[in-house]
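Down below is the structure, laid out as structure tokens.
Atoms within a ligand are numbered from 1 in the order they appear, just like the ligands themselves.
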Amino acid sequence: MCGIVGYIGPKKAVPILIEGLSKLEYRGYDSAGVAILNEGKISVEKCKGRLAFLEERLKSNPLEGSIGIGHTRWATHGEPSDVNSHPHSNKDFTISVVHNGIIENYIKLKEWLTSIGYEFKTETDTEVLPHLLDYYYDGDLLKAVMQAVSKLDGSYALGIVCSNEPGKIIAVRKDSPLIVGKGNGENFIASDIPAVLPYTRDVYLLDNKEIAVLTKDNVEIYTTEGMKVNKEVFHVTWDAQSAEKGGYEHFMIKEIYEQPKALKDTMTSRIMADNDDIILDKIKITKEDLEKINRIYVIACGTAYHAGVVGKYVIEKLARIPVEVDFASEFRYRNPIIDSNTLMIVLSQSGETADTLAALRLGKENGARVIAITNVVGSSVAREASDVLYTWAGPEIAVASTKAYTTQLVAMYMIALHFGRLNGNVTLEQYREIRDEMLKLPEKAQAILEQKETIQKFAYAHHTNKDMFYLGRGLDFAVALEGALKIKEISYVHAEAYAAGELKHGTIALIEKGIPVIALATQDELFEKTISNIKEVVSRGAHVIAFAFEGNDDIAKVSDVAVYLPKTLPILAPVLSVIPLQLLAYYTAVERGCDVDKPRNLAKSVTVE
Ligand code: AGP
């Protein structure tokens with residue numbers, strides 16, 4: 001998704017904008033640009049491709065000035081090209097705009113603006129904005145912004161500069177993220193906090209339909225209706241280092257290795273040894289509330305959806321409440337049955353995924369109570385849900401989600417246990433047993449990371465294969481889904497996850513000599529059955545790597561490579577068994593020479609539907 005930065009202060013703007021944009025690269029982009037305001041004149045440089053191309057251009061055409069806006073674009077309307085890149089400007093270059101989001105009524109606006117004489121140069125929806133601002137501008141940029149945004153349908157985060165008001169940047173948002181960094185004699189705007197962290201830890205998290213007016217010494221915030229807003233400063237406590245690679249070759253492997261800590265942090269002060277209470281922050285569901293709930297929807301996209309699949313198993317097992325899990329993009333259009341007895345749990349690492357947010361809103365409009373599990377404080381999902389449980393995974397930069405997934409699992413376990421305790425389906429003894437095992441997960445995750453060589457060898461041996469199969473039953477199938485997604489998205493190997501018992505109903509026809517099969521066999525009750533399924537593929541020539549708990553030595557008899565996971569309760573297995581699958585995807589992608597952290601065609605935060 002697009003990234004926005006803006007700077008106003010005493011320093012040269014270009015290096016600050018470029019550095020800020022580089023911190024937003026994780027969002028995915030295909031072009032980049034800046035607009036610099038200097039001596040009453042706006043100059044724009046922009047181009048298709050990586051930020052490095054823009055830097056090259058700026059070397060041959062240096063832009064002086066200490067006020068500017070910058071943008072990385074992830075194309076939605078109009079192909080990636082120099083002309084479609086942001087910033088976009090009005091005809092005489094007195095107004096320039098960067099935008100993240102989609103202006104849904106841009107065609108209508110474009111027709112109207114064209115009919116009154118405005119000329120369009122690009123295929124973008126964004127270009128209506130500088131023209132609309134030009135139309136309304138009569139010497140008061142703030143007023144023009146208010147008038148212009150009142151005409152917009154859709155989502156936007158905007159950074160705006162105007163050469164007639166040279167000491168100012170205006171920022172406004174609706175349904176796309178935007179923050180303001182408050183410095184000392186300098187101020188910033190950005191799509192995300194890491195972009196401003198080298199300069200300040202004090203930020204304003206803009207809410208929907210809020211406008212910030214930045215001068216170098218001041219930030220004023222208004223609603224889009226013109227009411228002054230007194231906003232509290234949010235002080236960022238996490239370290240700028242934690243948003244950088246810290247010695248690892250890629251963010252993804254760093255984030256895989258951060259999982260023991262992320263798991264521990266997510267459990268800290270929520271479940272504790274020698275304390276039988278579960279403290280889930282702002283989730284205020286009482287026994288009486290739970291009694292009224294007759295259905296739970298777990299809604300998310302991608303990896304978060306896969307965490308939701310595990311969530312369904314564990315809530316049904318521990319709390320005995322029926323759970324439906326669905327992709328947000330399907331749920332919102334299938335006229336789901338929702339009422340005040342419905343509970344929704346939405347999962348989103350970024351908290352900004354457009355489909356997940358829309359599903360959340362649909363739930364709320366129809367009376368459901370919505371719990372959000374998210375990793376980003378102050379994200380849209382967090383702000384709009386009825387209750388929030390944060391995963392404390394720290395910033396996740398690699399497009400492929402890893403630590404967000406395992407911490408989402410832990411969040412799901414805590415919610416399931418809480419519900420099970422509230423409605424009496426989980427006895428104190430059962431709770432203690434699961435809690436104590438959960439608290440050991442960080443050290444067990446660490447032990448798995450120490451076995452990386454086995455996985456690395458398997459990846460090396462099979463990285464040229466075009467297809468892979470992931471098999472498992474029950475919770476192992478849920479993890480297989482995530483393992484297959486991981487390898488597809490970063491190494492571009494076609495992979496399918498199959499419920500092991502379902503294979504023989506068609507897909508086994510695809511198993512041939514040498515095909516890698518990744519088999520998960522962590523579920524005691526299903527172990528023998530999974531062993532039979534492994535034998536079925538082995539007899540057709542598959543090369544099998546199998547994962548089971550220590551002590552289940554039979555697995556070595558039926559597979560080519562056996563990997564033993566430290567023993568835990570079968571219900572908790574997903575937290576551990578996914579880790580080797582993340583490593584397998586990572587090492588396969590590295591062997592294949594793929595851009596691990598920024599896989600093709602993907603964005604970290606999918607803020608359009
Ligand atoms: C995971 O590796 C993905 N890149 C993707 O599926 C992601 O999980 C999905 O887009 C949902 O994102 P969210 O958790 O930020 O809502």
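Residue contacts with ligand 1: T356 is placed with no nitrogen or oxygen under 3.5 Å of a nitrogen or oxygen of the ligand (distance criterion only). The N/O atoms of A400, backbone and side chain alike, include none that comes under 3.5 Å of an N/O atom in ligand 1.
Counting only non-hydrogen atoms, the option in I373, T353, T303, L347 that gets closest to atom 5 (C) of ligand 1 is T303.
Checking K486, E482, Q259 one by one against Q582, the side-chain hydrogen bond (donor to acceptor under 3.5 Å, both in side chains) holds for a single residue, Q259. When each of R383, K174, R173 is paired with N208, the side-chain hydrogen bond (donor to acceptor under 3.5 Å, both in side chains) condition holds for R173 and for no other. Residue V180 forms a side-chain contact (heavy atoms from CB on, under 4.5 Å) with just one option from V233, V196, L206, and that option is L206.
Closest to atom 10 (O) of ligand 1 among all protein heavy atoms lies V606 CG2, 4.0 Å. What sits closest to atom 11 (C) of ligand 1 on the protein, heavy atoms only, is C301 O, 3.3 Å. Of the protein's heavy atoms, S350 OG, 2.6 Å lies nearest to atom 15 (O) of ligand 1. Atom 2 (O) of ligand 1 has E489 OE2, 2.4 Å as its closest protein atom, hydrogens excluded (heavy atom only).
Residue K486 touches ligand 1 through its side chain alone, judged by heavy-atom distances below 4.0 Å.
Taking the six-membered ring where tryptophan is involved, the planes of Y586 and H250 are perpendicular, since the angle between them exceeds 60° and thus also 30°.
R332 forms no cation-pi arrangement with F327, by the criterion of a distance under 6.0 Å to the ring centre and an angle within 45° of the ring axis.
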